[in-house]
Amino acid sequence: MVIPVTEHAAQLASPSRMLDVWHPGVMTSVALAGVAIAVLGAVLPARTAARQTIARVLHTE
């Protein structure tokens, strides 16, 4: 959405094949994978740390 507006403002034109790189299904999959990685990267270490003593958590830091 941003690139066509920028091209129009700069009075440029690029071939459509340059803009048809990411399809909506692929972008949705990439976004969901990013959310899953973020959740697993935050929740699993937090659960592990919550089950340990404070001294053990600080020692492993």
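Note that the numbering runs from 1 along the sequence shown for the chain.
- Hydrophobic cluster membership for Ile54: Leu58 (Ile, Leu, Val, Met, Phe, Trp, Tyr linked by side-chain heavy atoms under 4.5 Å, directly or transitively).
- With sequence neighbours excluded, the residues that form a side chain to side chain contact (heavy atoms under 4.5 Å, CB included) with Val43 are Val39, Arg47.
- Residue pairs satisfying the side-chain hydrogen bond (donor to acceptor under 3.5 Å, both in side chains) criterion with at least one member in residues 50-59, sequence neighbours excluded, are absent.
- For Val5, there are no side chain to side chain contact (heavy atoms under 4.5 Å, CB included) partners at least two apart in sequence or on another chain.
- Residues meeting the side chain to side chain contact (heavy atoms under 4.5 Å, CB included) test with Ser14, sequence neighbours left out: Glu7, Met18, Leu19.
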